[in-house]
Structure formats: structure tokens, C-alpha cells
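Notes follow the structure.
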Amino acid sequence: GAPRVYVVAVADDEGQADFMVRTMQQLRCGAKVEDRDQVPFRQMAVLTRTNRQLDAVVQALRSAGIPSVVKSGVDFFSRAEIRDALAWARLALDASADMQLLSRAAAMPKRGVGPKTLEAFR
């Protein structure tokens with residue numbers, strides 16, 4: 001059958017990371033978890049929702065000598081739509097904000113604001 005899902009209460013990110021490491025070590029050593037044989041580390045993965053959680057996991061893996069590779073998606077604040085929204089928010093808070101912010105805010109989404117209009121603000 002399908003593997004079971006367990007709910008485990010931990011105090012903090014470090015406790016969660018330590019639990020993951022212990023479980024990975026048990027799987028690697030062939031401890032009977034879900035009646036499975038040894039599982040090599042290369043067949044294991046840890047998924048996190050935030051980079052804050054990832055930091056504790058990476059540290060725990062390194063401390064335990066478990067090899068790891070971190071692969072990440074696009075950082076939330078690096079996404080174009082988030083940068084655009086932040087540019088508008090900064091302009092709303094400070095109308096004298098720099099031209100780079102004004103250019104970014106005016107450009108996305110397209111508003112028909114061109115170089116001549118932007119030059120008028122300089």
C-alpha cells in the first residue's frame with residue numbers, strides 16, 4: 001500500500017530539521033520504516049515552503065554528514081510582478097522616489113507611458 005503520513009510536533013525549525021535527519025538516517029541504515037529496505041540518500045528529497053526553513057535543514061544535513069544539493073525556484077521578491085507591485089507601493093509612499101521606480105511602475109502593465117512622459121517627471 002501507499003506510505004503513511006505522520007504528523008509530528010516539533011518546537012521549532014531546528015527540531016523539524018533534526019527529526020528529518022534522524023528519519024533519513026534510519027531509512028539509509030535499513031531501519032524498518034514502512035517495511036522498506038535501505039534507501040540511499042540520493043533517492044531522498046526534502047521540500048520546504050520557505051528559505052527560512054531550508055536554512056535549518058541544510059545545517060542539520062551538513063552536521064550529520066548527509067550529502068545535499070539545494071535547488072531553488074525563483075525567490076518571491078525576485079518575481080517581476082512582486083517587483084512591479086513594490087515599485088507602485090514605494091511611489092505611493094514617496095512621490096519623490098527615483099526615476100527607476102517610476103519607470104518600472106509605469107511600464108508594467110503597459111500604460112502608454114513613454115519616454116516623453118517620463119522625461120516630464122525629471
Would you give the length of the straight line joining atom CD of Gln16 to atom CE of Met20, rounded to the nearest 0.5 angstrom?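 The CE atom of Met20 is 4.0 Å from CD of Gln16, to the nearest 0.5 Å.
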Interatomic distance, Gln43 atom CD to Arg28 atom CZ [nearest 0.5 angstrom]: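 Going from CD on Gln43 over to CZ on Arg28, the span is 10.5 Å.
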Sequence neighbours left out, what passes side chain to side chain contact (heavy atoms under 4.5 Å, CB included) with [X]? Give chain and number order.
| X | result |
| --- | --- |
| Met24 | Phe41, Met44, Val46, Leu61, Ile66 |
| Ala89 | none |
| Gln59 | Ser63 |

Looking only at heavy atoms, what is the nearest atom pair of Ala56 and Ala17, with distance?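 Of all heavy-atom pairs spanning Ala56 and Ala17, the closest is O-CB, 3.4 Å.
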If you link I, L, V, M, F, W and Y whenever their side-chain heavy atoms are under 4.5 Å apart, who else ends up in the same group as Val70?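 Val70 clusters with Leu54, Val58.
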Side chain proximity check, Gln53 to Val57, heavy atoms < 4.5 angstrom: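 No, too far: nothing below the 4.5 Å cut-off.
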Sequence-distant partners of Asp18, salt bridge (Lys or Arg N to Asp or Glu O under 4.0 Å), two or more places apart: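 Asp18 satisfies salt bridge (Lys or Arg N to Asp or Glu O under 4.0 Å) with no other residue.
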